[in-house]
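Worksheet for the structure shown next.
Just so it is clear, the values below take in all heavy atoms, side chains as well, and ignore hydrogens, waters and symmetry mates.
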Amino acid sequence: MSLFGFGNRNLKTFRPKKNAPSGNKGVQLRKYIDATLGTGNIKEAVRLPPGENLNEWLAVNTIDFFNQANFLYGSLTEFCTPTTCSTMSAGPTVEYRWADGVKIIKPIEVSAPKYMEYLMDWIEAQLDDESIFPQRIGSPFPPNFQEIIKTIFKRLFRVYAHIYHSHFQKIIFLKEEAHLNTSFKHFTFFTREFKLIDKRELAPLHDLVESILHAY
């Protein structure tokens with residue numbers, strides 16, 4: 001997680017970091033992300049590089065954001081417990097319930113750490129499925145790939161929303177606020193660029209999202 005300086009702290013991680021596929025342009029695009037973000041121009045960094053495939057770009061960035069959210073939440077696992085966070089919330093009026101449409105059809109109420117476990121397991125299963133995220137050059141993406149990507153990003157947003165609403169003071173205590181804010185700023189511009197999240201889903205962090213967008 002050197003991109004945002006995450007490697008400077010020896011913090012517990014929620015699960016191992018996922019790497020960009022080596023059998024396609026993943027590594028090349030990963031280097032492009034590092035280089036463009038290094039210029040400080042996030043709006044430019046999120047745009048599809050000239051001549052590149054949109055699905056390839058979405059895929060490598062999805063892995064990147066999964067790693068970022070996983071790391072940020074992983075640093076909070078000792079504070080986010082079934083006792084402190086008995087529901088997966090984003091403020092007093094927003095509660096998220098879990099359903100994956102396969103094993104759990106009807107949304108169920110679970111604690112925040114259990115929700116995070118379900119969520120990360122589900123995303124990791126998508127990333128590991130080569131019929132969704134192909135590893136080999138020339139292998140096609142599924143017709144519904146972009147819909148799957150939208151679902152992943154909608155759920156990743158909930159990680160940020162819970163952290164900001166329930167654990168921001170702990171983030172400050174851990175001196176991770178710069179990492180969190182930079183990561184969410186990148187996430188905001190990327191999801192806006194490719195219209196990945198419905199505005200209604202962004203309501204728990206509406207003011208923060210608007211302040212980020214209006215600052216550029």
Side-chain angles (χ1 to χ4, degrees), residues 4 14-15 42 46 61-62 65-126 146-216:
F4 296 114
F14 190 38
R15 60 189 64 217
I42 293 183
V46 301
N61 277 278
T62 299
F65 283 115
F66 169 77
N67 285 330
Q68 292 178 41
N70 172 52
F71 180 90
L72 285 163
Y73 181 73
S75 70
L76 295 167
T77 52
E78 64 183 292
F79 309 112
C80 185
T81 69
T83 301
T84 62
C85 301
S86 58
T87 61
M88 176 62 177
S89 63
T93 62
V94 178
E95 177 187 327
Y96 298 118
R97 298 189 177 192
W98 179 258
D100 59 13
V102 180
K103 294 181 180 178
I104 301 175
I105 306 299
K106 183 178 179 181
I108 58 173
E109 180 180 336
V110 294
S111 67
K114 189 63 179 178
Y115 188 100
M116 294 293 188
E117 180 183 339
Y118 280 137
L119 183 154
M120 295 299 183
D121 282 348
W122 180 83
I123 295 178
E124 199 163 33
Q126 311 309 302
Q146 293 182 22
E147 291 306 311
I148 295 172
I149 291 295
K150 288 179 181 179
T151 302
I152 290 174
F153 274 89
K154 178 180 71 174
R155 290 176 172 175
L156 284 176
F157 171 79
R158 296 174 180 180
V159 179
Y160 288 104
H162 180 70
I163 290 174
Y164 272 110
H165 278 283
S166 299
H167 301 293
F168 192 67
Q169 290 306 312
K170 292 299 183 184
I171 287 287
I172 293 174
F173 170 74
L174 294 170
K175 296 181 170 57
E176 292 179 7
E177 64 270 28
H179 301 328
L180 172 62
N181 291 335
T182 301
S183 176
F184 186 65
K185 186 183 297 181
H186 184 200
F187 182 90
T188 297
F189 277 108
F190 189 82
T191 54
R192 179 60 61 94
E193 176 74 11
F194 298 103
K195 299 179 174 60
L196 299 177
I197 303 179
D198 188 284
K199 287 185 177 181
R200 291 172 296 182
E201 288 285 340
L202 300 174
L205 296 178
H206 173 269
D207 290 348
L208 178 58
V209 168
E210 291 302 308
S211 68
I212 288 171
L213 295 173
H214 291 155
Y216 283 78

| request: With sequence neighbours left out, write down each residue that passes ring pair (Phe, Tyr, Trp, His ring centres under 6.0 Å) with Phe168, or none if nothing qualifies. | output: Tyr164
| field | Residues forming a ring pair (Phe, Tyr, Trp, His ring centres under 6.0 Å) with Tyr115, sequence neighbours excluded | value |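 If we apply the ring pair (Phe, Tyr, Trp, His ring centres under 6.0 Å) test to Tyr115, skipping adjacent residues, the hits are Trp98.
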| field | Partners meeting side chain to side chain donor-acceptor pair (under 3.5 Å) with Thr84 (sequence neighbours left out) | value | Thr81
Side chains of [X] and [Y]: closer than 4.5 Å at any heavy-atom pair?
X      : Y      : result
Phe157 : Leu205 : yes
Trp122 : Thr151 : yes
Ile42  : Phe190 : no
Tyr73  : Thr77  : yes
Ile212 : Phe184 : yes
Ser166 : Cys80  : no
Asn61  : Val46  : no

Euclidean distance, [Y] [atom2] relative to [X] [atom1], rounded to 0.5 Å:
X      : Y      : atom1 : atom2 : value
Leu119 : Ile123 : CG    : CD1   : 4.5 Å
Leu76  : Lys170 : CG    : NZ    : 9.5 Å
Thr191 : Ile149 : OG1   : CD1   : 12.5 Å
Leu72  : Ile171 : CG    : CD1   : 6.0 Å
Leu202 : Tyr160 : CG    : OH    : 13.0 Å
Asp121 : Glu124 : CG    : CD    : 7.0 Å

| message | Taking Glu177's backbone N and O only, do any of them form a donor-acceptor pair with Asn181's side chain (distance below 3.5 Å, no angle check)? | response |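 Indeed, once roles are kept as given, a pair shorter than 3.5 Å links the two residues.
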| message | Is it the case that the side chain of His214 and the backbone of Glu210 share a donor-acceptor pair, with hydrogens and angles ignored and the cut-off at 3.5 Å? | response |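 Present.
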| Is there any salt bridge (Lys or Arg N to Asp or Glu O under 4.0 Å) pair reaching into residues 101-110, and which pairs are they, with sequence neighbours excluded? |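 Found Arg97-Glu109.
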| note | So salt bridge (Lys or Arg N to Asp or Glu O under 4.0 Å) across residues 150-166, not counting sequence neighbours, yields Glu147-Lys150, Arg158-Glu201
Shortest non-hydrogen contact between [X] and [Y], atoms and distance:
X      : Y      : value
Ser111 : Cys85  : CB-O, 3.4 Å
Asp100 : Val102 : OD1-N, 2.8 Å
Ser89  : His162 : O-ND1, 2.8 Å
Leu174 : Ser75  : CD1-O, 3.6 Å

Only pairs under 3.5 Å count here: list side-chain donor-acceptor contacts from residues 193-200, not counting sequence neighbours, and write none if there are none.
from	atom 1	to	atom 2	distance (Å)
Asp198	OD1	Arg200	N	2.8
Asp198	OD1	Arg200	NE	3.0
Asp198	OD2	Arg200	NH2	3.4

| query | Between Lys114 and Tyr118, is NZ or CZ placed under 6.0 angstrom from the six-membered ring centre and within 45° of the ring axis? | reply | yes
| Is there a side chain to side chain donor-acceptor pair (under 3.5 Å) between Ser183 and Gln68 once you walk through the steps? | CA-CA 7 Å; Ser183 176; Gln68 292 178 41; 2.5 Å; yes
